[in-house]
Peer 1: 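Encoded as C-alpha coordinates, here's the structure I'll be asking about.
Just so it is clear, the values below take in all heavy atoms, side chains as well, and ignore hydrogens, waters and symmetry mates.
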Amino acid sequence: MVRVNLQSLIREFPDGTRVGPIDLEINDGELMTLLGPSGSGKTTTLRMIAGFIRVDKGSVLFDGEDVVGVHPRDRRIGMVFQSIALFPNMTVYQNIAFGPEMAGWSREKTVERVEELADLLGIRHLLLRRIREISGGEGQRVALARALAKRPDLLLLDEPLSALDPQLREKLQTEIRRIQKHLGITTLYVTHSQDEAFAISDRVAVLEDGRIAQVGTPEELYDRPKSEFVARFLGSGNVFVGKVVSNNGNRSTVEVAGEQFVISGHHDIGAMVSFSVKPEDITILEEVHEDHTQARVTSITPQVGSFKVRLQIDGQTVLALTYDENLIRHLREHPNRVVSFSFRPEHSVILSS
(Lines give C-alpha, C1' and ligand atoms only; values in the text may rest on other atoms or scores of the structure.)
Protein backbone atom coordinates (compact mmCIF):
# COMPACT_ATOMS: atom_id res chain seq x y z
CA MET A 1 0.00 0.00 0.00
CA VAL A 2 1.16 3.61 0.34
CA ARG A 3 1.74 6.40 2.85
CA VAL A 4 0.39 9.75 1.64
CA ASN A 5 1.81 13.06 2.81
CA LEU A 6 0.29 16.40 1.80
CA GLN A 7 2.69 19.30 2.31
CA SER A 8 1.43 22.91 2.09
CA LEU A 9 -1.02 21.89 -0.63
CA ILE A 10 -2.81 24.86 -2.23
CA ARG A 11 -5.32 25.34 -5.05
CA GLU A 12 -6.48 28.85 -5.95
CA PHE A 13 -9.53 29.45 -8.15
CA PRO A 14 -10.23 32.38 -10.50
CA ASP A 15 -13.11 33.61 -8.30
CA GLY A 16 -10.69 34.12 -5.41
CA THR A 17 -11.60 31.06 -3.38
CA ARG A 18 -8.73 28.98 -2.13
CA VAL A 19 -8.17 25.54 -0.67
CA GLY A 20 -5.13 25.21 1.56
CA PRO A 21 -2.50 25.23 2.67
CA ILE A 22 -3.20 21.66 3.72
CA ASP A 23 -0.73 19.53 5.63
CA LEU A 24 -1.87 16.00 6.31
CA GLU A 25 -0.32 12.56 6.62
CA ILE A 26 -2.27 9.39 5.87
CA ASN A 27 -0.59 6.29 7.21
CA ASP A 28 -0.04 3.12 5.23
CA GLY A 29 -3.22 1.02 5.47
CA GLU A 30 -5.19 3.74 7.28
CA LEU A 31 -8.74 4.82 6.52
CA MET A 32 -8.74 8.60 6.82
CA THR A 33 -11.88 10.70 6.29
CA LEU A 34 -12.07 14.29 5.11
CA LEU A 35 -15.12 15.70 6.91
CA GLY A 36 -16.64 19.14 6.51
CA PRO A 37 -19.60 21.15 5.22
CA SER A 38 -20.22 21.86 1.56
CA GLY A 39 -17.58 24.17 0.13
CA SER A 40 -14.94 23.35 2.74
CA GLY A 41 -12.52 21.88 0.18
CA LYS A 42 -12.97 18.13 0.70
CA THR A 43 -13.48 17.09 -2.90
CA THR A 44 -10.92 19.57 -4.22
CA THR A 45 -8.31 18.07 -1.90
CA LEU A 46 -9.24 14.54 -2.98
CA ARG A 47 -8.99 15.47 -6.65
CA MET A 48 -5.62 17.13 -6.19
CA ILE A 49 -4.38 13.85 -4.69
CA ALA A 50 -5.85 11.96 -7.64
CA GLY A 51 -4.33 14.38 -10.15
CA PHE A 52 -7.66 15.53 -11.57
CA ILE A 53 -7.19 19.12 -10.33
CA ARG A 54 -4.03 21.16 -10.77
CA VAL A 55 -1.94 21.85 -7.67
CA ASP A 56 -0.84 25.49 -7.51
CA LYS A 57 1.60 25.05 -4.63
CA GLY A 58 2.79 22.26 -2.39
CA SER A 59 3.48 18.56 -2.71
CA VAL A 60 1.59 15.26 -2.79
CA LEU A 61 3.97 12.56 -1.61
CA PHE A 62 3.34 8.84 -2.12
CA ASP A 63 5.89 7.01 0.04
CA GLY A 64 8.08 10.09 -0.08
CA GLU A 65 7.87 10.61 -3.86
CA ASP A 66 6.17 13.77 -5.14
CA VAL A 67 3.50 12.79 -7.68
CA VAL A 68 2.23 16.29 -8.52
CA GLY A 69 3.61 15.97 -12.06
CA VAL A 70 2.50 12.34 -12.50
CA HIS A 71 -0.53 11.58 -14.72
CA PRO A 72 -3.58 10.27 -12.80
CA ARG A 73 -3.46 6.89 -14.56
CA ASP A 74 0.10 6.37 -13.33
CA ARG A 75 -0.62 7.14 -9.64
CA ARG A 76 -1.98 3.64 -8.88
CA ILE A 77 -5.23 4.91 -7.40
CA GLY A 78 -8.77 3.57 -7.44
CA MET A 79 -11.66 6.01 -7.14
CA VAL A 80 -15.38 5.78 -6.40
CA PHE A 81 -17.58 8.83 -7.00
CA GLN A 82 -20.99 9.84 -5.63
CA SER A 83 -22.31 9.19 -9.14
CA ILE A 84 -21.15 5.62 -9.72
CA ALA A 85 -20.64 6.25 -13.50
CA LEU A 86 -20.72 2.59 -14.51
CA PHE A 87 -20.89 1.62 -18.17
CA PRO A 88 -24.63 0.99 -18.68
CA ASN A 89 -24.19 -1.05 -21.87
CA MET A 90 -21.89 -3.54 -20.13
CA THR A 91 -22.49 -6.34 -17.67
CA VAL A 92 -21.31 -6.19 -14.08
CA TYR A 93 -18.43 -8.51 -15.03
CA GLN A 94 -17.40 -6.30 -17.93
CA ASN A 95 -17.44 -3.18 -15.74
CA ILE A 96 -15.15 -4.75 -13.14
CA ALA A 97 -12.87 -6.31 -15.76
CA PHE A 98 -12.53 -3.10 -17.79
CA GLY A 99 -9.49 -1.74 -15.94
CA PRO A 100 -7.44 -4.97 -15.92
CA GLU A 101 -8.23 -5.58 -19.58
CA MET A 102 -7.14 -2.06 -20.56
CA ALA A 103 -3.94 -2.66 -18.57
CA GLY A 104 -3.21 -5.76 -20.63
CA TRP A 105 -3.89 -8.38 -17.98
CA SER A 106 -4.34 -11.95 -19.21
CA ARG A 107 -7.86 -13.31 -19.39
CA GLU A 108 -7.10 -15.88 -16.69
CA LYS A 109 -5.71 -13.24 -14.30
CA THR A 110 -8.63 -10.88 -15.00
CA VAL A 111 -11.28 -13.56 -14.37
CA GLU A 112 -9.55 -14.56 -11.14
CA ARG A 113 -9.49 -10.95 -9.92
CA VAL A 114 -13.11 -10.25 -10.86
CA GLU A 115 -14.32 -13.39 -9.11
CA GLU A 116 -12.20 -12.62 -6.03
CA LEU A 117 -13.74 -9.15 -5.70
CA ALA A 118 -17.24 -10.41 -6.51
CA ASP A 119 -16.98 -12.89 -3.65
CA LEU A 120 -15.54 -10.26 -1.29
CA LEU A 121 -18.39 -7.84 -2.08
CA GLY A 122 -21.15 -10.46 -2.33
CA ILE A 123 -22.03 -9.73 -5.97
CA ARG A 124 -21.00 -12.93 -7.78
CA HIS A 125 -24.65 -13.60 -8.60
CA LEU A 126 -24.80 -10.26 -10.44
CA LEU A 127 -21.82 -10.74 -12.78
CA LEU A 128 -23.89 -11.44 -15.91
CA ARG A 129 -26.50 -8.73 -15.28
CA ARG A 130 -26.60 -5.41 -17.06
CA ILE A 131 -26.11 -2.28 -14.94
CA ARG A 132 -29.70 -1.18 -15.52
CA GLU A 133 -30.82 -4.47 -13.90
CA ILE A 134 -29.20 -3.85 -10.51
CA SER A 135 -30.09 -1.59 -7.58
CA GLY A 136 -28.29 1.51 -6.36
CA GLY A 137 -26.64 -0.35 -3.48
CA GLU A 138 -25.53 -3.13 -5.81
CA GLY A 139 -24.21 -0.50 -8.20
CA GLN A 140 -22.02 0.99 -5.46
CA ARG A 141 -20.59 -2.45 -4.74
CA VAL A 142 -19.80 -2.85 -8.43
CA ALA A 143 -18.18 0.61 -8.51
CA LEU A 144 -16.05 -0.34 -5.50
CA ALA A 145 -15.02 -3.61 -7.14
CA ARG A 146 -14.10 -1.76 -10.33
CA ALA A 147 -11.97 0.72 -8.35
CA LEU A 148 -10.15 -2.17 -6.64
CA ALA A 149 -9.75 -4.35 -9.73
CA LYS A 150 -6.22 -3.22 -10.69
CA ARG A 151 -4.93 -3.57 -7.12
CA PRO A 152 -4.39 0.16 -6.49
CA ASP A 153 -2.13 1.41 -3.72
CA LEU A 154 -4.62 4.11 -2.73
CA LEU A 155 -8.43 4.10 -2.69
CA LEU A 156 -10.27 7.44 -2.93
CA LEU A 157 -13.99 7.59 -2.10
CA ASP A 158 -15.89 10.82 -2.83
CA GLU A 159 -19.29 10.87 -1.03
CA PRO A 160 -19.96 7.34 -2.33
CA LEU A 161 -23.07 6.67 -0.23
CA SER A 162 -24.83 10.04 -0.12
CA ALA A 163 -27.46 9.10 -2.72
CA LEU A 164 -28.57 5.96 -0.85
CA ASP A 165 -31.28 5.57 1.77
CA PRO A 166 -30.16 5.59 5.44
CA GLN A 167 -30.46 1.84 6.10
CA LEU A 168 -28.54 0.87 2.98
CA ARG A 169 -25.98 3.59 3.65
CA GLU A 170 -25.32 2.19 7.13
CA LYS A 171 -24.96 -1.33 5.76
CA LEU A 172 -22.49 -0.28 3.08
CA GLN A 173 -20.47 1.75 5.60
CA THR A 174 -19.87 -1.49 7.48
CA GLU A 175 -18.95 -3.31 4.28
CA ILE A 176 -16.52 -0.63 3.15
CA ARG A 177 -14.79 -0.76 6.52
CA ARG A 178 -14.61 -4.56 6.41
CA ILE A 179 -13.22 -4.64 2.87
CA GLN A 180 -10.71 -1.88 3.56
CA LYS A 181 -9.35 -3.74 6.59
CA HIS A 182 -9.36 -7.06 4.75
CA LEU A 183 -7.29 -5.64 1.89
CA GLY A 184 -5.21 -3.32 4.06
CA ILE A 185 -5.47 -0.59 1.43
CA THR A 186 -4.75 3.04 2.29
CA THR A 187 -8.06 4.87 1.90
CA LEU A 188 -9.21 8.49 1.86
CA TYR A 189 -12.96 8.95 2.27
CA VAL A 190 -14.86 12.22 1.73
CA THR A 191 -18.17 12.94 3.44
CA HIS A 192 -20.18 15.73 5.05
CA SER A 193 -21.78 13.29 7.51
CA GLN A 194 -20.29 13.05 11.00
CA ASP A 195 -22.08 9.75 11.63
CA GLU A 196 -20.60 8.25 8.47
CA ALA A 197 -17.10 9.54 9.23
CA PHE A 198 -17.15 8.29 12.81
CA ALA A 199 -18.52 4.88 11.80
CA ILE A 200 -15.74 3.91 9.42
CA SER A 201 -12.61 5.96 10.11
CA ASP A 202 -9.32 5.32 11.87
CA ARG A 203 -8.85 9.09 11.92
CA VAL A 204 -10.83 12.10 10.70
CA ALA A 205 -9.58 15.42 9.32
CA VAL A 206 -12.17 18.19 9.78
CA LEU A 207 -12.02 20.93 7.12
CA GLU A 208 -13.13 24.51 7.57
CA ASP A 209 -12.94 27.06 4.73
CA GLY A 210 -10.31 25.12 2.81
CA ARG A 211 -8.04 24.38 5.76
CA ILE A 212 -7.77 21.58 8.28
CA ALA A 213 -9.30 22.58 11.61
CA GLN A 214 -8.45 19.40 13.54
CA VAL A 215 -7.26 15.83 12.96
CA GLY A 216 -7.83 12.94 15.34
CA THR A 217 -9.64 9.72 16.05
CA PRO A 218 -13.45 9.97 16.25
CA GLU A 219 -13.19 9.73 20.04
CA GLU A 220 -10.60 12.52 20.24
CA LEU A 221 -12.64 14.85 18.06
CA TYR A 222 -15.86 14.23 19.93
CA ASP A 223 -14.38 14.40 23.42
CA ARG A 224 -11.84 17.19 22.88
CA PRO A 225 -12.81 19.57 20.05
CA LYS A 226 -10.19 22.28 19.69
CA SER A 227 -12.32 25.04 18.20
CA GLU A 228 -15.84 26.41 18.27
CA PHE A 229 -16.28 25.37 14.63
CA VAL A 230 -15.37 21.75 15.31
CA ALA A 231 -17.57 21.57 18.41
CA ARG A 232 -20.58 23.02 16.62
CA PHE A 233 -20.09 21.07 13.38
CA LEU A 234 -19.71 17.74 15.11
CA GLY A 235 -22.51 18.48 17.54
CA SER A 236 -20.15 17.26 20.21
CA GLY A 237 -20.69 20.13 22.59
CA ASN A 238 -22.83 23.05 23.65
CA VAL A 239 -20.72 26.15 23.05
CA PHE A 240 -20.66 28.89 25.68
CA VAL A 241 -18.84 32.22 25.46
CA GLY A 242 -18.30 34.42 28.49
CA LYS A 243 -16.01 36.48 30.72
CA VAL A 244 -13.93 35.07 33.55
CA VAL A 245 -15.08 36.73 36.79
CA SER A 246 -13.08 34.77 39.35
CA ASN A 247 -10.78 31.80 39.75
CA ASN A 248 -9.88 29.40 42.49
CA GLY A 249 -6.97 27.05 41.95
CA ASN A 250 -7.63 25.03 38.82
CA ARG A 251 -11.20 26.28 38.49
CA SER A 252 -12.58 29.48 36.98
CA THR A 253 -16.04 31.05 37.13
CA VAL A 254 -17.30 32.36 33.80
CA GLU A 255 -20.28 34.67 33.35
CA VAL A 256 -22.36 33.78 30.29
CA ALA A 257 -25.43 35.93 29.54
CA GLY A 258 -25.90 36.73 33.21
CA GLU A 259 -25.41 33.15 34.36
CA GLN A 260 -22.29 31.81 36.06
CA PHE A 261 -20.59 28.51 35.29
CA VAL A 262 -17.55 26.92 36.91
CA ILE A 263 -15.15 25.43 34.37
CA SER A 264 -11.82 23.63 34.54
CA GLY A 265 -8.52 25.51 34.28
CA HIS A 266 -7.10 28.73 35.70
CA HIS A 267 -7.97 31.69 33.43
CA ASP A 268 -7.19 35.36 33.83
CA ILE A 269 -9.97 37.45 35.35
CA GLY A 270 -11.59 39.59 32.65
CA ALA A 271 -10.53 37.25 29.84
CA MET A 272 -13.16 36.09 27.31
CA VAL A 273 -13.25 32.31 26.94
CA SER A 274 -15.17 29.83 24.83
CA PHE A 275 -15.88 26.35 26.14
CA SER A 276 -18.01 23.38 25.22
CA VAL A 277 -19.89 20.77 27.20
CA LYS A 278 -21.19 17.57 25.63
CA PRO A 279 -24.99 17.01 25.76
CA GLU A 280 -24.52 13.80 27.77
CA ASP A 281 -22.62 15.75 30.42
CA ILE A 282 -25.53 18.14 31.03
CA THR A 283 -27.60 17.08 34.06
CA ILE A 284 -31.25 18.17 34.18
CA LEU A 285 -32.87 18.70 37.56
CA GLU A 286 -36.67 18.76 37.67
CA GLU A 287 -36.79 21.15 40.58
CA VAL A 288 -35.49 24.70 40.28
CA HIS A 289 -32.31 25.21 42.33
CA GLU A 290 -30.97 28.66 43.06
CA ASP A 291 -27.37 27.47 42.77
CA HIS A 292 -27.97 25.97 39.30
CA THR A 293 -28.84 27.61 36.00
CA GLN A 294 -32.51 27.75 35.10
CA ALA A 295 -33.77 27.02 31.59
CA ARG A 296 -37.02 26.27 29.80
CA VAL A 297 -37.63 22.91 28.09
CA THR A 298 -38.60 23.60 24.47
CA SER A 299 -38.54 20.12 22.93
CA ILE A 300 -37.88 16.45 23.63
CA THR A 301 -36.67 14.17 20.84
CA PRO A 302 -36.54 10.37 21.26
CA GLN A 303 -33.34 8.71 20.07
CA VAL A 304 -32.15 5.10 20.13
CA GLY A 305 -31.88 4.35 23.84
CA SER A 306 -31.94 7.99 24.92
CA PHE A 307 -33.74 11.34 24.68
CA LYS A 308 -32.43 14.68 23.43
CA VAL A 309 -33.81 17.58 25.45
CA ARG A 310 -33.58 21.10 24.08
CA LEU A 311 -33.34 23.84 26.70
CA GLN A 312 -33.58 27.60 26.22
CA ILE A 313 -31.57 30.03 28.34
CA ASP A 314 -31.44 33.77 27.53
CA GLY A 315 -31.83 33.14 23.81
CA GLN A 316 -29.25 30.34 23.75
CA THR A 317 -30.11 26.71 23.08
CA VAL A 318 -28.56 24.04 25.28
CA LEU A 319 -28.84 20.37 24.32
CA ALA A 320 -28.93 17.67 26.99
CA LEU A 321 -28.91 13.91 26.50
CA THR A 322 -30.66 11.77 29.11
CA TYR A 323 -31.53 8.12 29.60
CA ASP A 324 -33.97 8.83 32.44
CA GLU A 325 -37.44 7.80 31.23
CA ASN A 326 -39.10 8.97 34.45
CA LEU A 327 -37.63 12.43 33.98
CA ILE A 328 -38.87 12.55 30.40
CA ARG A 329 -42.35 11.45 31.42
CA HIS A 330 -42.54 14.21 34.03
CA LEU A 331 -41.27 16.83 31.60
CA ARG A 332 -43.85 15.82 29.01
CA GLU A 333 -46.62 16.18 31.57
CA HIS A 334 -45.72 19.89 31.88
CA PRO A 335 -44.78 21.36 28.48
CA ASN A 336 -42.39 24.37 28.49
CA ARG A 337 -41.45 23.57 32.07
CA VAL A 338 -38.67 25.54 33.74
CA VAL A 339 -35.94 23.27 35.10
CA SER A 340 -32.37 23.58 36.36
CA PHE A 341 -29.28 22.16 34.72
CA SER A 342 -25.65 21.77 35.65
CA PHE A 343 -22.41 20.12 34.59
CA ARG A 344 -19.18 19.19 36.31
CA PRO A 345 -16.26 21.61 35.72
CA GLU A 346 -14.02 18.82 34.42
CA HIS A 347 -16.51 18.16 31.62
CA SER A 348 -15.89 21.59 30.08
CA VAL A 349 -13.48 21.83 27.13
CA ILE A 350 -11.77 25.15 26.36
CA LEU A 351 -12.01 26.12 22.67
CA SER A 352 -9.89 28.33 20.46
CA SER A 353 -11.67 31.19 18.69
Peer 1: Could you walk me through whether L311 and V309 pass side chain to side chain contact (heavy atoms under 4.5 Å, CB included), step by step?
Peer 2: CA-CA 6 Å; L311 306 170; V309 181; 3.8 Å; yes
Peer 1: Flag the pair E12 and R18 as a salt bridge only when some basic side-chain nitrogen lies within less than 4.0 angstrom of an acidic carboxylate oxygen.
Peer 2: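 Salt bridge present between E12 and R18.
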Peer 1: Whether R130 and E133 form a salt bridge (side-chain N of Lys/Arg under 4.0 Å from carboxylate O of Asp/Glu) is what I want to check.
Peer 2: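 No, E133 and R130 are not salt-bridged.
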Peer 1: Any ion pair linking R224 and E219 (charged N to carboxylate O, less than 4.0 Å)?
Peer 2: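 Salt bridge: no.
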Peer 1: I would like to know whether R211 and D23 meet salt bridge (charged side-chain N to carboxylate O under 4.0 Å, His left out); could you show each step before the answer?
Peer 2: CA-CA 9 Å; R211 306 186 75 165; D23 293 277; over 6 Å; no
Peer 1: Nearest 0.5 Å, please: how far is NE2 in H192 from OG in S38?
Peer 2: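 Atom-to-atom, S38:OG and H192:NE2 are 6.5 Å apart.
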Peer 1: Hey, does V318 have a side-chain heavy atom less than 4.5 Å from the side chain of F341?
Peer 2: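 They are in side-chain contact.
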Peer 1: May I ask you to say whether R337 pairs ionically with E286, meaning some side-chain N is under 4.0 Å from a carboxylate O?
Peer 2: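 Yes, R337 and E286 are salt-bridged.
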Peer 1: Would you say E138 and L126 make side-chain contact, with heavy atoms under 4.5 Å?
Peer 2: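 In short, these two side chains touch, coming nearer than 4.5 Å.
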Peer 1: At their closest point, which heavy atom of T44 faces which heavy atom of I53, and how far apart are they?
Peer 2: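 Nearest pair, atom of T44 first, then I53: CA-CD1, 4.1 Å.
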Peer 1: Any carboxylate oxygen within less than 4.0 angstrom of a Lys/Arg side-chain nitrogen, looking at D28 and R3?
Peer 2: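 Here D28 does not pair with R3 in a salt bridge, since their nearest N and O are not under 4.0 Å apart.
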Peer 1: Taking all heavy atoms of H292 and all of L285, pick out the closest pair and write down the distance.
Peer 2: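 Heavy-atom minimum between the residues: ND1-CD1, 3.6 Å.
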Peer 1: Looking only at non-hydrogen atoms, find the nearest pair between S252 and N247 and report the distance.
Peer 2: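 For S252 and N247, the tightest heavy-atom pair comes out as OG-CB, 3.6 Å.
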Peer 1: I'd like to know whether D56 forms a salt bridge (charged side-chain N to carboxylate O under 4.0 Å, His left out) with R54, so could you lay out the CA-CA distance, the side-chain angles of the two residues, the decisive distance to 0.1 Å, and finally the verdict.
Peer 2: CA-CA 6 Å; D56 291 322; R54 186 184 75 249; 2.9 Å; yes
Peer 1: With R232 as the cation and F229 as the aromatic partner, state whether NZ or CZ is under 6.0 Å from the six-membered ring centre and within 45° of the axis.
Peer 2: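 No - R232 does not lie over the ring of F229 by the 6.0 Å and 45° rule.
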Peer 1: F240 vs F275 aromatic rings, parallel, tilted or perpendicular, using cut-offs 30° and 60°?
Peer 2: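 The arrangement is parallel - the two ring planes meet at less than 30°.
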Peer 1: Looking at every heavy atom in both G249 and H266, which two are closest together, and how far apart are they?
Peer 2: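 In terms of heavy atoms, the two residues are closest at O-ND1, 3.0 Å.
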Peer 1: List the atom of L9, the atom of S59, and the distance in Å for their closest heavy-atom pair.
Peer 2: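 Closest pair (atom of L9, atom of S59, distance): CD1-O, 3.9 Å.
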Peer 1: Testing the basics here: between G137 and L168, what is the closest heavy-atom pair and its distance to 0.1 Å?
Peer 2: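 So the minimum-distance heavy-atom pair works out to CA-CD2, 3.5 Å.
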Peer 1: Measure centre to centre between the rings of Y323 and F307, then say whether the value is under 6.0 Å.
Peer 2: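 Not under 6.0 Å, so no.
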Peer 1: Would you call S342 and T293 a side-chain contact if the rule is heavy atoms closer than 4.5 Å?
Peer 2: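 They are not in contact (no side-chain heavy atoms under 4.5 Å apart), so the answer is no.
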Peer 1: Name the orientation class of the two ring planes belonging to F98 and F87 (parallel below 30°, tilted from 30 to 60°, perpendicular beyond 60°).
Peer 2: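 The arrangement is tilted - the two ring planes meet at 30° to 60°.
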Peer 1: Does a salt bridge link D268 with K243, judged by any charged N lying under 4.0 Å from a carboxylate O?
Peer 2: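 So D268 does not pair with K243 through a salt bridge.
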Peer 1: Using only heavy-atom distances, determine whether the side chains of N326 and R329 contain a donor-acceptor pair under 3.5 Å.
Peer 2: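 A donor-acceptor contact under 3.5 Å links the two side chains.
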Peer 1: Determine whether V19 and F13 satisfy the following criterion, side chain to side chain contact (heavy atoms under 4.5 Å, CB included), listing intermediate values before the conclusion.
Peer 2: CA-CA 9 Å; V19 173; F13 293 93; 4.3 Å; yes
